[in-house]
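This one's a predicted model, so the numbers in the text were calculated from it and none came from an experiment.
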Amino acid sequence: MIDIDWLRKICLPLPGATEQIQWGYDLVVKVGGKMFAVAPLEPAPVCLSFKCSDESFAELTERPKIIPAPYLARAKWVALESPDAITRGELSELLCASYELVFAKLAKRTQEELKGEASRKKSKRSGKPGPKKKTRKSVHRKNKN
């Protein structure tokens, strides 16, 4: 099994990333409602699955202990049969790339909303005020000028 705390530490700080339990015992990490990583919380044939680029898919599936992900291979997902199939550093990069691939497929409006949420969270943590929200009045006044 993959270290779930480590997985959360890598994935959940990404803008708009959420987690939920699905299919009984799988931890699913999503952005904009679309999954980009899946880890079973109980022993299973694979310990982590994630989306990757066409090039990465071809390269990774040639390595030992990395297979096309069951049910998701046609969408270019790979699955690790063992946590030591790949180094944590490389895995961290691949998980971020998975997030980026899924984020890029989201509707532009959803992408903007998630980016806005992320910048508001950052400004709250830093104590700086976030960007002002435009109201209908301020937009209307701007258009009159």
Side-chain angles (χ1 to χ4, degrees), residues 1-139 142:
M1 279 183 31
I2 197 88
D3 180 348
I4 297 299
D5 291 332
W6 177 84
L7 180 66
R8 285 179 169 134
K9 189 175 113 181
I10 298 302
C11 296
L12 294 180
L14 298 169
T18 60
E19 67 173 349
Q20 70 181 76
I21 305 299
Q22 253 179 255
W23 309 301
Y25 62 91
D26 287 339
L27 177 71
V28 180
V29 188
K30 298 181 176 187
V31 60
K34 305 289 183 184
M35 60 186 196
F36 67 95
V38 178
L41 298 173
E42 295 180 358
V46 299
C47 62
L48 177 67
S49 301
F50 55 91
K51 184 166 182 59
C52 54
S53 68
D54 293 351
E55 302 81 33
S56 292
F57 181 83
E59 189 264 320
L60 289 169
T61 53
E62 289 182 9
R63 296 189 195 182
K65 301 180 188 174
I66 302 177
I67 61 171
Y71 310 109
L72 297 168
R74 65 185 166 87
K76 303 299 186 223
W77 278 62
V78 295
L80 307 183
E81 294 180 309
S82 170
D84 65 354
I86 196 165
T87 66
R88 277 194 174 185
E90 187 178 9
L91 183 54
S92 175
E93 289 175 18
L94 288 165
L95 288 167
C96 290
S98 176
Y99 165 88
E100 292 294 337
L101 287 166
V102 173
F103 186 88
K105 295 276 186 176
L106 297 174
K108 296 296 177 204
R109 183 176 183 156
T110 304
Q111 290 179 13
E112 292 304 318
E113 288 170 1
L114 293 173
K115 286 178 186 175
E117 285 176 25
S119 64
R120 283 191 295 278
K121 284 181 183 176
K122 274 185 184 175
S123 63
K124 279 184 182 178
R125 276 187 252 134
S126 67
K128 295 177 186 171
K132 271 191 169 179
K133 241 185 179 178
K134 289 183 181 178
T135 63
R136 280 190 187 191
K137 282 184 178 178
S138 66
V139 170
K142 202 177 203 179

Any idea which heavy atoms bring Ala85 and Ile66 closest together, and the distance? CB-CG1, 3.9 Å

Do the side chains of Leu7 and Leu95 get nearer than 4.5 Å, heavy atoms only? yes

Would you mind reporting whether Lys105 and Lys34 have side-chain heavy atoms less than 4.5 Å apart? no

Using a 4.5 Å cut-off on heavy atoms from C-beta on, say whether the side chain of Leu114 contacts that of Gln111. no

Taking the side chain from Thr61 and the backbone from Phe57, do they hold a donor-acceptor pair closer than 3.5 Å? yes

Would you give the length of the straight line joining atom CZ of Arg88 to atom CD1 of Ile86, rounded to the nearest 0.5 angstrom? 12.5 Å

Between atom CE of Met35 and atom CG of Leu72, what is the distance when rounded to the nearest 0.5 Å? 4.5 Å

For the atom pair CD1 (Ile2) and CG (Leu27), what is the distance rounded to the nearest 0.5 Å? 11.5 Å

Within-4.5 Å side-chain heavy-atom neighbours: Asp54 and Lys76: yes

Closest heavy-atom pair and its distance - Ala75, Lys51: O-NZ, 2.6 Å

Salt bridge or not for Glu113 and Arg109, using N-O below 4.0 Å? yes

Nearest-0.5 Å distance, OG of residue Ser56 to CD of residue Glu90: 8.5 Å

Side-chain contact test, heavy atoms from C-beta onward, threshold under 4.5 Å: evaluate it for Pro40 versus Trp23 and give yes or no. no

Check: Phe50 and Leu91 side chains under 4.5 Å, non-hydrogen atoms: yes

Looking at every non-hydrogen atom in both residues, tell me the closest pair between Pro43 and Met1 and how far apart they are. N-SD, 3.8 Å

Quick check: closest heavy atoms across Asp5 and Asp3, and the distance to 0.1 Å? N-OD1, 3.1 Å

Closest approach of Ala37 and Trp77, non-hydrogen atoms and distance? N-CH2, 3.7 Å

Interatomic spacing from CD1 in Ile10 to CD in Glu93 - rounded to 0.5 Å: 10.5 Å

Considering non-hydrogen atoms only, spot the tightest contact between Leu48 and Ala39 and give its length. CD1-CB, 4.0 Å

Nearest 0.5 Å, please: how far is OG in Ser53 from CG in Leu94? 8.5 Å

With the side chain counted from C-beta on, respond yes when Lys30 and Gln22 share a heavy-atom pair under 4.5 Å apart, and no when they do not. yes

Does Val29 reach the side chain of Tyr99, with side-chain heavy atoms less than 4.5 Å apart? no

Audit row: Phe103, Leu14, side chain to side chain contact (heavy atoms under 4.5 Å, CB included) steps and yes/no: CA-CA 10 Å; Phe103 186 88; Leu14 298 169; over 6 Å; no

Counting only N and O atoms by type, is there a donor-acceptor contact under 3.5 Å from the side chain of Ser49 to the main-chain atoms of Ala79? no

